[in-house]
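To start, the structure under review is shown below, and the notes come after it.
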Amino acid sequence: MTRGFSELAVQFGPSASLVGILSRPLPEFEVRRTAVVILNTGIAHRIGHHRMYVTMARDLAKLGHLVFRFDFSGIGDSAGRDDSLSPTDAHQADLADALDWLTENCDVQDVVLIGLCAGAEIALRYGYKDQRVLGMVLLDPTVPPTPRFYAQYIARRLVSLRSWLSFASGRGRIWQELSTRAKRAVGAEARPAPGTMDDKVRNELEHLYGQALDRDLKLLIVLTAGTLDGRQNYREQLFDALPNVPLRGRAQVEYYKDADHTFTAPAARERLQELVYGWVGGFQDADRVAVPADGSIENSEELSRMTVSPTR
Amino acid sequence: MTAFHFGSRRRRLFGYYEPALDETGKARSVLLCYPLGNEQVFAYRTMRQLAARLASGGHHVLRFDYFGTGDSYGESGEGDLAGWCEDIETAIDEIKEISGAATVNLAGLRLGANLAARVAVKRRKDISKLILWDPLEADEIASAGIPAASSEPKSKLAEDFAKEAIAGKAQSLPAKTMVLLTEQSRAPLDFGALTVQNVPDMSAWDEERLNSGSIPVEAVQRIVDWLQ
C-alpha cells in the first residue's frame with residue numbers, strides 16, 4: 001500500500017494567534033516517535049522557498065513522522081504577540097508554544113528542529129534549552145569568515161569574467177574590497193579584535209554550539225557555497241571559524257558546493273531532502289506515539305473546517 | 001480568523017478566512033487570488049495586509065492556495081490553468097457559503113489576475129467587482145514560476161497562456177473591472193473602457209519585498225478604496 005499523509009490547519013499559542021500545518025501519516029500507519037518542527041526562513045512564510053518545506057513535511061509524514069510547520073508571530077498568517085517581547089525572545093516563546101501544542105495534542109516528547117538561515121539560528125538558540133529537542137538540522141547557519149574564506153573569496157572573484165572587467169577598468173569597489181580582504185587573508189585579522197561585532201558573534205556561536213554539544217544534541221549542518229557572495233566557501237570553514245567548540249566529529253557537516261542559499265536547483269533540493277530523511281530516520285523509535293484523535297481527511301468533512309483551540 | 005482546508009477530496013485546498021470586523025448592511029466579500037511560485041512567497045505579506053485592511057473595511061475575505069501550490073494538497077508541478085480556475089470557482093462557492101454574501105469581489109495579483117479574469121467571465125452573475133493587479137502579459141510566463149508549478153509542457157502552457165492575456169479583452173470582462181498597474185508595461189496595452197490606475201512602485205512580488213518586509217501601501221489602499 002502506498003503510504004500517504006493528511007494535514008491539519010492549526011491555530012495555537014496564548015491567543016490562538018499562531019498558525020501552523022500538522023502533517024501526519026495516515027491512521028493505518030504507525031507514527032514514529034521523533035516529530036519534526038520546521039521553522040520559517042527569515043520572514044518567508046511556512047511553505048519555504050520553492051515550496052521546499054511542504055515537500056519535506058509530506059515526505060517525512062509518509063515515512064511515519066509528525067511534522068509541524070508554523071509561522072512565527074508577525075510572519076505569514078500568524079499575528080503579532082500581545083506581549084512586549086523582543087523579536088528574538090518572541091521567536092523562542094513561539095517555538096516553545098509549538099512544541100507544547102505537539103506535546104499536549106499529539107503526546108510528542110522527541111523533536112528534531114529544522115531551520116534555514118535565520119531559522120537555523122533560532123533553532124540553535126532554542127534547542128539546548130528544551131529537553132524534548134534531540135537534534136537539529138541547521139541549513140546555512142551563520143558561519144563567521146576566516147582568513148582562508150577571504151583568500152578563496154578573492155580567488156573566486158578574480159576568475160569571474162565580470163570581476164576581471166571591473167578590475168581592468170579600475171572600478172573602486174572591487175579594488176577597495178580586494179584590498180580589505182587581502183589584508184585579512186594574510187592573517188592580520190585572523191581573529192576579530194575583542195569586543196567587535198564579529199568577535200561577539202563568534203563568541204555567541206561558540207557558546208550556543210557548546211551548549212548543544214553539552215546536551216549531546218545531534219547536529220546535521222548543511223553549508224552551501226554555490227553563490228559568489230555566499231557566507232562560506234570551503235568545507236572546513238565552520239570548524240576553523242569556531243575553534244573553541246569540538247564540532248569536528250560531533251556534528252555531521254555536509255558541504256553543497258553548487259547549491260545556492262535557498263536550494264533553488266531541484267537536484268540540490270532532492271539531494272538535501274534525501275539527506276534529511278535519512279538523518280531524521282536514524283533516531284530510535286522506542287515506542288508508539290498517539291495519533292491525533294481526529295483521524296484523516298478521508299474520514300471527516302468536519303475536520304476540514306477544524307481549527308484547534310489554544311492549549312495554554 | 002480561521003485557517004482551514006476546503007474543496008473536494010480530489011482537490012483539497014488550504015484557505016484563510018477573515019470575517020468583516022465591522023459589518024453593516026448586507027454582507028460583502030472579497031476573494032484574493034495569489035500569484036504563483038516564489039512570487040506568491042514574496043507577495044504573501046502584501047496579500048495578508050490587503051486582506052486585513054479589507055476586513056477592517058467591512059469585507060469578509062478569503063485567500064487560498066491553488067491545488068499543487070502553497071499549503072494546498074497536490075504536488076508542485078501537478079497544476080494547470082484550467083484546474084486553477086476550477087479552484088477559484090470552488091473558493092467563490094466557499095466564501096459565499098461562509099459569509100452569506102450573494103456576490104463576490106475578485107482581486108487577483110499577477111497570474112491570479114489572469115485566472116480571476118477568466119473565471120469572472122464564466123461566473124459573471126457571482127462577481128460584483130474585479131481587480132486585476134499587474135496581470136501577466138503573454139510573454140511573462142517563464143518569469144512567473146508557472147512552468148515549475150504546472151504539469152503541462154512549457155510550449156503548450158505558453159500557447160494556453162497567450163489566450164489569457166488581459167489586454168484587448170476589455171469588452172468581455174465585467175463592467176466594474178479595475179486594472180491596477182505598478183509596473184511600467186513594456187508596450188502600451190489596450191484595456192479599452194476598463195478603469196486603469198497607475199501606482200508606480202516596487203512590485204509586490206519582488207524578492208526585495210520579502211527581504212525588507214515592506215508592502216506597496218498605496219496600491220493596497222487603492223484596492224480598498226475602490227471596493228468601498
Side-chain angles (χ1 to χ4, degrees), chain A residues 4-12 15-23 40-59 69-71 74-80 87 117-118 261-262 264-266 269 296-308, chain B residues 1-18 34 36-49 51-52 55 61 63-66 68-79 90 94 97-98 145 147-149 207-215:
Chain A
F5 69 93
S6 67
E7 289 188 332
L8 180 67
V10 174
Q11 290 174 239
F12 68 101
S15 311
S17 60
L18 300 174
V19 175
I21 303 289
L22 177 70
S23 305
N40 294 113
T41 301
I43 61 171
H45 75 293
R46 61 190 173 273
I47 70 170
H49 290 74
H50 323 292
R51 214 174 172 224
M52 180 166 74
Y53 296 152
V54 176
T55 303
M56 208 176 265
R58 292 175 179 179
D59 287 348
R69 301 176 282 119
F70 75 100
D71 290 324
I75 296 174
D77 292 314
S78 293
C117 193
H261 187 52
T262 60
T264 300
R269 286 204 298 281
S296 74
I297 60 164
E298 281 74 10
N299 302 335
S300 168
E301 186 62 28
E302 278 303 303
L303 180 61
S304 69
R305 297 175 190 283
M306 174 179 174
T307 55
V308 178
Chain B
M1 286 165 279
T2 306
F4 68 116
H5 288 92
F6 65 99
S8 66
R9 285 179 58 180
R10 187 179 59 84
R11 287 181 87 84
R12 209 86 184 125
L13 306 175
F14 173 81
Y16 199 85
Y17 178 72
E18 296 184 55
Y34 289 132
L36 215 67
N38 272 353
E39 287 191 356
Q40 188 216 17
V41 176
F42 302 152
Y44 203 81
R45 186 178 175 85
T46 293
M47 297 299 264
R48 179 187 166 195
Q49 288 291 324
V61 186
R63 48 201 168 88
F64 76 104
D65 296 326
Y66 312 111
T69 76
D71 285 311
S72 286
Y73 281 66
E75 300 281 338
S76 300
E78 267 193 284
T90 303
E94 186 70 23
E97 185 182 329
I98 302 175
E207 187 169 10
E208 188 54 29
R209 288 286 180 200
L210 179 68
N211 295 334
S212 66
S214 66
I215 64 166

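Values below: every heavy atom of this structure, side chains too, minus hydrogens, waters and symmetry copies. Please read all numbers here as calculations on a predicted model, not as lab measurements.
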So, the side chain of A/Arg51 versus the backbone of B/Gly68: is there a donor-acceptor pair under 3.5 Å, distance only? yes
Pairwise distance CZ(B/Arg48) to CG(A/Asp71) - rounded to 0.5 angstrom: 8.0 Å
Most contacts with chain A, counted as non-hydrogen pairs under 4.5 angstrom, among B/Gly70, B/Gly213, B/Ala52: B/Gly70
Please state whether the side chain, the backbone, both or neither of A/Ile21 comes within less than 4.5 Å of a heavy atom of chain B. side chain
Between the main-chain N or O of B/Met1 and the side-chain N or O of A/Gln11, is there a donor-acceptor pair closer than 3.5 Å? yes
Looking only at non-hydrogen atoms, find the nearest pair between B/Val41 and A/Ala44 and report the distance. CG1-CB, 3.9 Å
To the nearest 0.5 Å, how far apart are CD in B/Glu18 and CG in A/Asp77? 8.0 Å
Please test B/Tyr44 against A/Ile47 for side-chain contact (heavy atoms from CB on, under 4.5 Å), starting from the C-alpha separation and ending with a verdict. CA-CA 11 Å; B/Tyr44 203 81; A/Ile47 70 170; over 6 Å; no
Which pair of non-hydrogen atoms, one from A/Arg69 and one from B/Asp71, has the smallest distance, and what is that distance? NH1-OD1, 2.7 Å
Might you point out which heavy atoms bring B/Ala3 and A/Ala9 nearest each other, and give the distance in Å? O-CB, 3.5 Å
So, the part of B/Phe14 with a heavy atom under 4.5 Å from chain A: the answer is side chain
Check whether B/Arg45 reaches the backbone of A/His45 with its side chain - one donor and one acceptor, N or O, closer than 3.5 Å. no
What part of A/Ala79 gets closer than 4.5 Å to chain B, counting heavy atoms only: side chain, backbone, both or neither? both
Go through A/Gly76, A/Gly42, A/Ser23 and name the one with the most non-hydrogen pairs under 4.5 angstrom from chain B. A/Gly76
